[in-house]
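All of these numbers come straight from a predicted model, not from anything done at the bench. The first residue in the sequence is number 1, and the count goes up from there. Only heavy atoms go into these numbers, but all of them, side chains included; no hydrogens, no water, no symmetry mates.
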Amino acid sequence: MMNVSVICVGKLKESYLRDGCAEYVKRLSAYCKINVVEVAEERASDNPKETEIAQILQKEGERIIAKIPKGSAVVPLCIEGREYSSPDFSALIEKISLDYSSLCFVIGGSFGLSAEVKALGKTKLSFGKMTLPHQLARLVLLEQTYRAFAISNNSKYHK
C-alpha cells in the first residue's frame, strides 16, 4: 500500500473545509496510507515587499522540507506545474508507485512555494490558471487523489 503525504502551509479555518478534507482522508485510507501534515504559516504585513515575501517563502520552505518523508516522490502544487485530466493524474500516481513507495504532495501558503521546494519535484502539479485559496486547493487535491485511486481500482466513483 502506497504512503501518501500532503504537506500544507497553514491550518484549515473553515469547518466545511475540515469536514470535506476529513471525508476524503477517510475514503483514501481504503487505497493508501494517507497523512496530512500542516506546517506553520508565516505572518505578513498588510503590504509586504519582495524581500519580506522572500523571507516568508524561505521560512515556510524550510519547515516543509523538514517534513518531507525520506525517499518520497515530491509533487509540489504550483502555477508553473502541469495540468492533468483525472485519468492522466491517476496514471501519474500509478507510474510514481512503480519507483517509489511514498508520494508527497506539497501545498504552499498565500505566496506559494520557495524555489527550493519546487526544485524537489520532478513533476509539478497545477489545477489550472485560476488561483485557488491554498485551503481549498487541499480539498481539491484530496478529492482528485481519491478519484485517481478510484480510477486505478475500477471504482464507480469516476464517471
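- A donor-acceptor contact closer than 3.5 angstrom links the side chains of Ser152 and Glu94.
- Annotation: side chain of Val6 is not in contact with side chain of Asn35 (no heavy-atom distance under 4.5 Å).
- Between atom CG of residue Asn3 and atom OG of residue Ser72 there is a gap of 7.5 Å, rounded to the nearest 0.5 Å.
- No more than 12 heavy atoms of other residues, nucleotides or ligands lie within 6.0 Å of CD in Glu50, so this atom counts as exposed by the packing criterion.
- Glu60 contributes atom CD, which lies 6.5 Å from atom CD1 of Ile64 (distance to the nearest 0.5 angstrom).
- Under a hydrophobic-cluster definition in which Ile, Leu, Val, Met, Phe, Trp and Tyr are linked whenever side-chain heavy atoms come within less than 4.5 Å, directly or via other members, Ile96 and Leu120 are assigned to different clusters.
- Residues Leu92 and Leu125 are not in side-chain contact: their nearest non-hydrogen atoms beyond the backbone lie 4.5 Å or more apart.
- Without hydrogens or angle criteria, Glu41 side chain to Lys11 main chain gives no donor-acceptor distance under 3.5 Å.
- There is no path of hydrophobic side-chain contacts, each under 4.5 Å, that joins Ile34 to Val37.
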Open item on the list: Pair Gln144, Tyr24 - check side-chain hydrogen bond (donor to acceptor under 3.5 Å, both in side chains), show working.
Closed with: CA-CA 9 Å; Gln144 285 297 303; Tyr24 286 107; over 6 Å; no

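- The shortest non-hydrogen separation linking Ala150 to Tyr157 is CB-CB, 3.9 Å.
- Between the side chain of Ser90 and the main chain of Ala148, a donor-acceptor pair closer than 3.5 Å is present.
- The OG atom of Ser102 sits 11.5 Å away from atom NZ of Lys70, with the distance rounded to the nearest 0.5 Å.
- Atom NZ of Lys118 sits about 9.0 Å away from atom CD1 of Ile79, to the nearest 0.5 Å.
- Remark: Arg82 is positioned above the aromatic ring of Tyr84, its terminal NZ or CZ atom under 6.0 angstrom from the ring centre and at most 45 degrees off the axis.
- Two residues are said to be in side-chain contact when any heavy atoms from C-beta on lie closer than 4.5 Å; Val25 and Leu142 meet this criterion.
- The heavy-atom pair separating Gly128 from Ser126 by the smallest distance is N-OG, 3.0 Å.
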TODO: Please report the C-alpha distance between Lys67 and Val39 in whole Å, then the side-chain angles of each, then the deciding distance to 0.1 Å, and finally whether the side-chain contact (heavy atoms from CB on, under 4.5 Å) criterion is met.
DONE: CA-CA 8 Å; Lys67 297 293 183 181; Val39 298; 3.8 Å; yes

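- Side-chain atoms of Lys124 and Val75, non-hydrogen and from C-beta on, never get closer than 4.5 Å to each other.
- In the hydrophobic clustering of ILVMFWY residues, with side-chain heavy atoms under 4.5 Å counting as a link, Leu136 and Phe111 come out apart.
- Annotation: side chain of Pro69 is in contact with side chain of Cys104 (closest heavy-atom distance under 4.5 Å).
- Between Glu14 and Arg18 there is no salt bridge, since no side-chain nitrogen of the basic residue lies less than 4.0 Å from a carboxylate oxygen of the acidic one.
- The hydrophobic cluster containing Ile107 also contains Leu28, counting ILVMFWY residues as joined when their side-chain heavy atoms lie under 4.5 angstrom apart, directly or transitively.
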Task: Stepwise side-chain contact (heavy atoms from CB on, under 4.5 Å) check, Phe105 with Ile7 - done: CA-CA 6 Å; Phe105 294 104; Ile7 300 177; over 6 Å; no

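- Counting heavy atoms from C-beta outward, Val36 and Cys8 have side chains that approach closer than 4.5 Å.
- Among all heavy-atom pairs drawn from His134 and Gly109, the shortest one is ND1-C, 3.8 Å.
- Aromatic ring pairs are classed by plane angle as parallel below 30°, tilted from 30° to 60° and perpendicular above 60°; the pair Tyr31 and Tyr146 is tilted.
- Counting heavy atoms from C-beta on, the side chains of Glu116 and Ile65 come closer than 4.5 Å.
- Closest heavy-atom contact between Asn153 and Phe149: ND2-O, 2.7 Å.
- One hydrophobic cluster holds both Val106 and Val9 under the rule that ILVMFWY side chains link at heavy-atom gaps under 4.5 Å.
- Side-chain contact between Ser86 and Ile151 is present, with at least one heavy-atom pair separated by less than 4.5 Å.
- For the atom pair OG of Ser45 and CD1 of Ile56, the computed distance is 7.0 Å after rounding to the nearest 0.5 Å.
- The OG atom of Ser97 lies 12.5 Å from the CE atom of Met1; values are rounded to the nearest 0.5 Å.
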- [ ] Step by step, work out the side-chain contact (heavy atoms from CB on, under 4.5 Å) result for Met2 and Lys33.
- [x] CA-CA 6 Å; Met2 182 174 228; Lys33 292 179 183 174; over 6 Å; no

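- Between Glu42 and Arg63 there is a salt bridge, since at least one side-chain N of the basic residue sits less than 4.0 Å from a carboxylate O of the acidic one.
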